[in-house]
Amino acid sequence: MDFPANNLLDWYDTQKRDLPWRGEKNPYYIWLSEVILQQTRVEQGWDYYVNFVQAFPTVRDLATAPQDKVLRLWQGLGYYSRARNLQSAAQYIEAHCGGIFPNRYTDLLKLKGVGNYTAAAVASIAFGEAVAAVDGNVYRVLSRFFRVSTAIDSTEGKKQFQHLADKVLDKNRAGDFNQAMMELGATVCLPKKPLCTACPLMSACQGYLHKDFLNFPNKTPKKAVKNRYFHVFVLQADDKIAVTLRQNKDIWHGLYTYPLQELDLENFNAPKLNTLETHGFVLQKTETPKPHLLTHQKLHFVFYFFAGEKIADIFDNMIWKEQKNLKNLPFPRPFLPFLGE
DNA sequence: AATTCGGGGAC
DNA sequence: GTCCCAGAATT
C-alpha cells in the first residue's frame, strides 16, 4: 500500500484555502498560528492571529509586553495557559537563544506549550525539516486510508500514527505535505460526512474501498458514569465516632469511612430503619446532599446521625475513633463539618 | 494512563 | 444533549 502523496500535493496546490498564515515562512508567525490553532478551528482563531501579529510583530515585542496585554488579546479563545506559555517561550528565546528562533524540531520542543505536533509543524513549514505533524485531521485521514484501528488517544496509537505519518511524508515538501494532510482532514475527510468523491486519495483509500471509513478513527471507549447510592451512618458515643476500614477493589480502599450501606435506587429513596429505631435512639436524617462526582461514578448520600452512650453496644465490627482524630476521612469535604456537631 | 483546560460550531 | 476542533501539561 503506497500513499499517493503527489495526488495530495496537487490537490493542495489548487484547492487550499486562503488563510492569513498561508505562505508564511517566518517561524515566529508560524509558531503563533500553530499555538492559536491548538484544539481551535481556523475560523475561530483567524482574527486572533491577525490581532497578535499586529500587536506583537516580533518575538521581542511579545517577550517584553505586559502579561495582561497578552491575556487581553487572548480573551475569549480559551485554554489560557497557551497565552502564558506563549509569552514565556518568547522570553526564553530572547534570553537563551539570542533572540533567534529555534530552527530544529528537538529545540522547538523545549519551548513551553510546544509539543510534538507544534514542533513538527514549525520545523517543517518554516524550515523544511522532514518531520510529520500529526494532529486530529491527520489521525482521521491516515486511520481511514490505511484502516488502522489502533486507538488514536492511546500511547501505542500515537506512536504508530507518528511512524505512519513520517513514512508517507514527502520529505522534499514536508511543510506543504503536512498542511495538505490537515487541509484535507479539515475540508474533505470530515468526521461525520466525508466528501469522498472530492478526495484526491479516493481511489487508494482503503476505508473508502471497504465502505467502512466511518469506523475510523478509533478512540478508547470512555467509561459511562455509574450512579451509586449510600446510606451513611454517623454514630457518636461520648466523643468517639464509628468508622470502618474500606476493602480493596473499590473506592477509598485502604481508607476509613463512616459505616455506610450501598443500596439500589429504590431502597435508597425508601429506607427501612426498623432495627435501629427499636433501640430507642434518636435518629436525625439530613436532606439528601448534592451528589458527589468522581471520575466515573456519581455518589449519592443520605446521612443519618445517632448519638447516645450505649450505641456502641448494638453495632459490630466498628472501629471507634476519637472525634478529634477524624480530620482525614475520605469523604466529600462538604460533609465533614457535620462531624463537629 | 487519565485528567484538565474552553469556547464554539455541527448535528 | 454529543462530538470535535491544525494539543500540551500535569498528576
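Quick caveat: nothing in here was measured; it's all calculated off a predicted structure. Order of the sequence lines fixes the chain letters, A, B, ..., with proteins taken first and strands second; residue numbering starts at 1 for each chain.
Comparing A:Y80 and A:K193 against DNA chain B, the residue whose closest nucleotide sits nearer the 5' end is A:Y80. When each of A:S81 and A:E156 is assigned the nucleotide of DNA chain B bearing its nearest heavy atom, the one mapping closer to the 5' terminus is A:E156.
Under the side-chain hydrogen bond (donor to acceptor under 3.5 Å, both in side chains) criterion, A:S124 pairs with A:N178, sequence neighbours left out. Checked against ring-ring contact (aromatic ring centres under 6.0 Å, His included), A:Y139 has the following partners two or more places apart in sequence or in another chain: A:F161. A:N215 is linked by a side-chain hydrogen bond (donor to acceptor under 3.5 Å, both in side chains) to nothing, counting only residues two or more places apart in sequence or in another chain. For A:D107, the side chain to side chain contact (heavy atoms under 4.5 Å, CB included) partners at least two apart in sequence or on another chain are A:P102, A:R104, A:K110.
Rounded to an integer number of Å, the gap from CG of A:L77 to P of B:dC5 is 17 Å.
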statement: Protein heavy-atom contacts under 4.0 Å, written 5' to 3' over nucleotides 4-11 of chain C as B (base), S (sugar-phosphate only) or - (none), form the string BBBBSS--

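Annotation: C:dA6 and B:dC11 have their P atoms spaced 14 Å apart (nearest Å). Taking atom P on both nucleotides, C:dT11 is separated from B:dG6 by 15 Å, rounded to a whole Å.
Through direct or relayed side-chain contacts under 4.5 Å between Ile, Leu, Val, Met, Phe, Trp and Tyr, A:Y105 connects to A:L109, A:V131.
Counting non-hydrogen atoms of other residues, nucleotides and ligands closer than 6.0 Å to CZ of A:R147 gives a total above 12.
Within the nucleic acid shown, A:G45 has no heavy atom closer than 4.0 Å to any nucleic acid atom.
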